Amino acid sequence: MEERYLLDALGSGWISSQGPYLRRLEEEFSARCDVTDTIATSNGTVALHLVLAAAGIGPGDEVIVPALTYVATANAVTYCGARPVLVDVRPDTWCIDPEQVQAAVGPRTRAVIAVDLYGHPADYPMLRKICSRHGLLLVADAAESFGAYLDGRPTGSLADVSTFSFFGNKVITCGEGGCITTSDRALADRMRLLRNQGMDPQRRYWFPMIGFNYRMTNLAAALLCAQLSRADDIIGKREEVIGTYERELVGSSLHRQPVAAAVRRAPWMASFLVGAEGDEVARDRLARALDRLGVETRPFFVPVSALPSYGGDSGAQPVSTDLGRRGINLPTYADLTDSDLKVIVERVQAALATSPRAG
Ligand SMILES: *Cc1c(COP(=O)(O)O)cnc(C)c1O
């Protein structure tokens with residue numbers, strides 16, 4: 001289906017950033033996420049920047065961000081000249097801790113960006129209360145949670161505005177791509193303007209503001225339309241992969257991702273913690289053993305606060321620090337076969353057996 005749509009787009013001559021697949025993508029994505037507007041972008045990082053720029057966030061402003069996330073979340077704030085205020089996550093959701101958010105709100109705070117880490121939606125009802133009380137914009141970085149639900153509502157509709165990534169390793173992909181969902185019409189209009197260099201839609205080459213080129217191409221949109229129509233199938237297969245790991249590896253020193261009762265998580269990656277709280281060596285030992293057995297794994301993100309550009313010290317975020325040291329992602333693709341999975345499970349069990357101190 002991807003090939004058919006892509007060749008159709010190519011043959012139509014609409015290869016750049018206008019065309020029928022872009023319109024269709026924005027309509028279908030809005031319907032799926034139960035919002036009025038979708039704004040397609042060239043990737044998930046610029047989607048975050050576009051949101052903050054359209055909200056007028058700039059120098060002197062602060063935006064509260066979880067310490068445990070992909071670096072793009074904090075970078076988008078930095079691009080605006082604003083300061084990301086990094087707070088800890090909760091051990092039972094791996095997402096931003098609303099109590100820490102409340103404690104971090106100050107006179108310069110303008111927004112909160114919650115991240116649906118490893119496919120699990122953040123606690124939006126609590127975050128909504130805090131943001132309403134203080135007049136803050138609530139942003140969801142839903143790059144990892146396409147297909148998730150909270151209280152029966154889909155990600156994309158859980159915050160004032162949400163961003164997605166369609167990078168190659170995300171649940172659905174077009175190679176490089178992203179989008180923003182919102183039901184705030186005025187904000188959506190501002191984002192569309194800024195996405196297209198700030199050009200007045202009624203007057204060509206008239207730029208009332210300084211914008212960006214953050215557009216998606218119709219070719220990428222064609223790929224994504226195909227992925228979107230197969231999305232439930234892709235999600236189902238990824239859920240089976242993760243379910244198999246969780247079933248087969250139960251009782252080992254791997255601990256599965258906690259999932260809140262009201263949540264249906266998105267099957268982004270098979271994420272586990274290795275060893276007991278505070279263990280600083282078991283994860284790396286397991287990763288090395290698996291590497292020797294030919295199984296590629298990914299460690300969790302390093303807390304942003306531990307990175308040199310953001311201070312280099314995550315001591316004030318102990319939960320993020322611990323999860324960053326213990327977390328591992330096992331291979332997660334929709335097309336892993338049962339026999340692939342069997343081999344991986346056996347090798348994980350073998351690797352765990354050779355690292356006996358993982359408790
Ligand atoms: C992937 C990801 C992004 C960035 O998306 P790109 O499309 O790679 O720019 C942002 N935030 C989180 C949490 C991500 O996982």
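Fair warning: this is a prediction, and the values are worked out from it, not measured in the lab. Start at 1 and go down the list; that is how both ligands and their atoms are numbered.
Thr217 is linked by a side-chain hydrogen bond (donor to acceptor under 3.5 Å, both in side chains) to nothing, counting only residues two or more places apart in sequence or in another chain. Residues passing the side-chain hydrogen bond (donor to acceptor under 3.5 Å, both in side chains) test with Asp123: none are found, sequence neighbours excluded.
Checked against a 6.0 Å centroid threshold, the rings of Phe300 and Trp94 count as neighbours. Residues Phe166 and Phe29 place their aromatic rings such that the two centres sit under 6.0 Å apart.
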Can you give each donor-acceptor pair under 3.5 Å made by side-chain atoms of residues 101-109, sequence neighbours left out, with the distance rounded to 0.1 Å?
unit_1, atom_1, unit_2, atom_2, d
Gln102, OE1, Arg133, NH1, 2.7
Gln102, NE2, His134, NE2, 3.3
Arg108, NH1, Gly60, O, 3.1
Thr109, OG1, Gly106, N, 2.8
Thr109, OG1, Gly106, O, 3.2

May I have the N/O to N/O pairs between ligand 1 and the protein that fall below 3.5 Å, each with atom names and distance to one decimal?
unit_1, atom_1, unit_2, atom_2, d
ligand 1, 5 (O), Ser165, OG, 3.2
ligand 1, 7 (O), Gly44, N, 2.8
ligand 1, 7 (O), Ser165, OG, 2.7
ligand 1, 9 (O), Asn43, OD1, 3.4
ligand 1, 9 (O), Gly44, N, 3.3
ligand 1, 9 (O), Thr45, N, 2.9
ligand 1, 9 (O), Thr45, OG1, 2.5
ligand 1, 11 (N), Asp141, OD1, 3.3
ligand 1, 11 (N), Asp141, OD2, 2.7
ligand 1, 15 (O), Glu144, OE2, 2.5
ligand 1, 15 (O), Lys170, NZ, 3.2

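A salt bridge is defined here as a Lys NZ or Arg NE, NH1 or NH2 lying under 4.0 Å from an Asp or Glu carboxylate O, and Glu239 with Arg247 fails to meet this definition.
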